[in-house]
Protein chains: 2
Amino acid sequence: MGSMARTTGSHSGITGPKIRTAALELFAKHGFAAVSMRQIASEVGVQAGALYNYTPDKQSLLFDLMQSHMTELLAALSDEDAAQPLEMLEQFVRFHIAFHHERPEAVFIAYMELRNLTPENFALIEDLRGQYENRLQNILIAGQASGAWTVKDAKIATFAVIAMLTGVNTWFRSEGRLSLSEVQDQYWQMVRSAVGG
Amino acid sequence: MGSMARTTGSHSGITGPKIRTAALELFAKHGFAAVSMRQIASEVGVQAGALYNYTPDKQSLLFDLMQSHMTELLAALSDEDAAQPLEMLEQFVRFHIAFHHERPEAVFIAYMELRNLTPENFALIEDLRGQYENRLQNILIAGQASGAWTVKDAKIATFAVIAMLTGVNTWFRSEGRLSLSEVQDQYWQMVRSAVGG
DNA sequence: GTCTATATTCTGATAGAC
DNA sequence: GTCTATCAGAATATAGAC
């Protein structure tokens, strides 16, 4: 606003995003309950009281991070229903691995901090997760109907595939022995075989 | 012994195990950092100070629970190396599902609270987990060598299979539509197909 | 072995100055 | 929008009586 320089605080105009980033990293590293508002403020470079200009409370901060993640996940998963079931399944497998690899902290929080949500917030996040799982389940059901594969129970296969794919985040590192696309290739081969395609 | 009745406290002679049980349930439900020593004591029926007759601190309580779980897991996994690879793999799949189903709280803690361990304790638990993973990896390598299946990378397949199997705990309930043995059957079929057996 | 009492530190959140 | 100061309560862990 053309005024003189301020003496303290961040005043950078991007405190909001910085709070979200700091909270994401700290919650992922130490867990929601183990992180204090003062720690988050310290990471951002402001005092604890300043956080409350951006979030009504700590719970809302957690919920917003999880909701954003799940919403982005659903938005990024394109639904090209015109494709063949086998192509749709392959697309899902490669997408899931790549998307989750790009945001390990958000993935970690979305799976680990569900029990720290209020019942209302928990229900909202679980609904979003259910929508995502349904996208895969619908692909598996379509492939059953078309005879593209032989999987017995689409519901079980949905859980199995998602657990298997999400597990990549626990061990895969870009700097390691394998490239992301090699990992995608091998998981796609395993998923394809597992459903009998 | 033989004295008059006491006025307060549990004095049941099994306070130690009760503390472990209460801590296991509370840590699984709310998370290690979110549970106080007072809550654990209240669940047991003693005052908080009494807990320190059984554990030097909260961290040791968590570590003991995780170490016990991993040790029992390794001990329960029999290694009948005489069997064929395909039989060994099937045995592993059915064992993993059944064992984890019987102790969901311990499994949950062993996966979720790793970040709340001190570096020294973390290394010890990770070593035990590595031993367990190696048991599966050795089976997969043996099957590669004998031509029992065609899986490309035994390391990746190990991670994929364990993640898939552990995921059962997130959705399977005994009271539901499927029995445990039906679930074991379907997961075994998926694993067998996934490795190309 | 458990109790009560306490030390010390930290917690989430708020009020009011600037 | 951020600061400082503060409230009210809860945390882990310990000391000493019984």
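B/L140 and B/W149 get closest at one heavy-atom pair: O-NE1, 3.1 Å.
Here the nucleotide nearest the side chain of A/R38, chosen from D/dT6, D/dT2, C/dT4, is D/dT6. Side-chain proximity of B/D57 to C/dT2, C/dG12, D/dA13: nearest is D/dA13. Counting only heavy atoms from C-beta on, A/K58 has its side chain closest to C/dG12 among C/dC3, D/dC3, C/dG12. With distances taken from any side-chain atom of A/Y52 to the nucleotides D/dT14, C/dT14, C/dG1, the minimum falls on C/dT14. Each of C/dG12, C/dG1, D/dA11 was ranked by its minimum atom distance to the side chain of B/N53; first place goes to C/dG1. With C/dC3, C/dG12, D/dC3 as the candidates, the nucleotide lying closest to the side chain of A/V46 is D/dC3.
Look at CG on B/L61: it is 10 Å from P on D/dA13, rounded to the nearest Å. The CE atom of B/M37 sits 20 Å away from the P atom of C/dT8 (whole-angstrom rounding). Summarising the geometry, the separation between NZ on A/K18 and P on D/dT2 is reported as 9 Å, rounded to the nearest angstrom. When the P atom of C/dA13 is taken as reference, atom CD of A/Q39 falls 15 Å away, rounded to whole Å. The separation between B/L51 atom CG and D/dA11 atom P is 13 Å, rounded to whole Å. Spacing between atom CD1 of B/I19 and atom P of C/dG1 amounts to 11 Å, rounded to whole angstrom units. Between the CZ atom of A/F32 and the C1' atom of C/dT11 there is a distance of 12 Å, rounded to whole Å. Atom CD in A/Q47 sits roughly 15 Å away from atom C1' in C/dG12 (whole-Å rounding).
A close approach under 4.0 Å does occur between a side-chain nitrogen or oxygen of A/T15 and OP1 or OP2 of D/dT2. A close approach under 4.0 Å does occur between a side-chain nitrogen or oxygen of A/S36 and OP1 or OP2 of C/dT11.
Salt bridge status for B/R115 with A/E113: present, with a side-chain N to carboxylate O gap under 4.0 Å. In this structure, A/D185 does not pair ionically with B/K152, as no charged nitrogen and carboxylate oxygen lie closer than 4.0 Å. A salt bridge links B/E90 to B/R94: at least one charged side-chain nitrogen sits closer than 4.0 Å to a carboxylate oxygen.
B/I139 CD1 to B/Q144 CD: the interatomic distance, rounded to the nearest 0.5 Å, is 12.5 Å.
The 5' end of DNA chain C is approached more closely, in terms of each residue's nearest nucleotide, by A/A34 than by the other of A/A34 and A/P56.
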